[in-house]
Amino acid sequence: MINPKVEDILNAQINKEFYSAYLYLAMSAYFDEIGLKGFSNWTKVQAKEEMDHGMILFDYVIERDGNVDLRQIEAPVKNFNDPLQVFEMIYEHEKSVTESIECVATLSEDECDMATRHFINWYISEQVEEEANVLDVIKKIKMFGTEYPILYHIDKELMGREYKQHNYSE
Ligand code: FEO
């Protein structure tokens, strides 16, 4: 049986991962509306990865004989200004997710739940990768500019991102 405090924070994290999927889908719709199909693709692929993150936590809570508590998912922000602003928003969002993952790690250690402490390492590594991926796009936009002919080239590159199902691995 999983520790109740750890179970609670894992359920909160499930909610955050599915909220992240919502947020990325809202961004994907925005990019689609302004004709940036590659940006739309990148954020849609990210939304699918966020759902995987949520499902891996979901399965883990069940595996530990815990209760999955699916909570209300907040509506995402819907007003966006431009691609740079959206990616800066993504960076801030991912930094906040990193902090919440670190809180899961800290709590599971404080509660001597070493299985969860070990499990959450995968998410810690995933956050390093996610923050780096977002920063990469921000740097490109800042380096090359926000004019549409330039964005078109970045857009083509982002079209190449492919979804691969994320599975938990040690
Ligand atoms: Fe699941 Fe983007 O963190």
Side-chain angles (χ1 to χ4, degrees), residues 2 6-32 36 38-64 66 68-80 83-109 113 115-141 154 157-170:
I2 197 163
V6 174
E7 179 186 70
D8 181 64
I9 202 169
L10 289 173
N11 277 312
Q13 192 62 39
I14 289 172
N15 185 273
K16 286 176 187 171
E17 300 294 346
F18 284 110
Y19 171 76
S20 296
Y22 255 34
L23 181 63
Y24 282 111
L25 283 176
M27 291 168 172
S28 179
Y30 161 72
F31 285 128
D32 195 64
L36 292 171
F39 280 85
S40 176
N41 172 64
W42 194 99
T43 42
K44 194 184 284 177
V45 168
Q46 187 61 38
K48 290 177 183 170
E49 290 196 5
E50 298 299 349
M51 287 187 247
D52 289 342
H53 296 168
M55 286 311 300
I56 292 167
L57 286 159
F58 175 97
D59 289 339
Y60 177 75
V61 171
I62 290 172
E63 190 181 3
R64 294 292 309 281
V68 168
D69 175 21
L70 294 175
R71 300 167 186 176
Q72 185 165 352
I73 300 170
E74 195 185 326
V77 179
K78 291 185 187 107
N79 298 319
F80 306 109
L84 180 59
Q85 179 258 340
V86 173
F87 269 79
E88 285 177 334
M89 185 187 287
I90 292 174
Y91 188 52
E92 290 307 311
H93 176 70
E94 288 302 339
K95 283 197 293 182
S96 78
V97 174
T98 298
E99 278 174 22
S100 68
I101 291 288
E102 286 167 348
C103 287
V104 176
T106 304
L107 181 73
S108 51
E109 200 159 312
D113 180 348
T116 301
R117 178 64 193 84
H118 176 71
F119 165 81
I120 213 68
N121 277 342
W122 183 86
Y123 283 83
I124 294 172
S125 304
E126 185 72 5
Q127 285 307 120
V128 171
E129 190 184 316
E130 292 207 347
E131 287 188 22
N133 289 344
V134 177
L135 270 182
D136 184 56
V137 178
I138 290 174
K139 281 179 191 165
K140 280 193 176 100
I141 298 174
I154 301 174
E157 185 184 326
L158 299 188
M159 185 60 97
R161 185 177 186 189
E162 289 178 6
Y163 168 67
K164 291 187 199 75
Q165 186 171 7
H166 272 48
N167 295 307
Y168 174 74
S169 57
E170 294 185 34

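Just follow the structure's listing: the first ligand is 1, and inside any ligand the first atom is 1.
- Among Tyr24, Phe18, Trp122, the single residue meeting the ring pair (Phe, Tyr, Trp, His ring centres under 6.0 Å) criterion with His53 is Trp122.
- Paired with Tyr168 under the rule ring pair (Phe, Tyr, Trp, His ring centres under 6.0 Å), one option of Phe119, Tyr60, Phe58 passes, and it is Phe119.
- Residues Lys16 and Glu74 are not paired through a salt bridge, judged by the lack of any N-O separation under 4.0 Å between the basic side chain and the carboxylate.
- Protein N, O or S atom count below 2.8 Å of atom 2 (Fe) of ligand 1: the structure gives 4.
- Counting only distance, with no hydrogens or angles, the side chain of Gln85 and the backbone of Phe80 share no donor-acceptor pair below 3.5 Å.
- Side-chain N/O atoms of Glu130 and Gln46 include a donor and acceptor closer than 3.5 Å.
- No donor-acceptor distance shorter than 3.5 angstrom exists from the side chain of Asp32 to the backbone of Ser40, with no hydrogens or angles considered.
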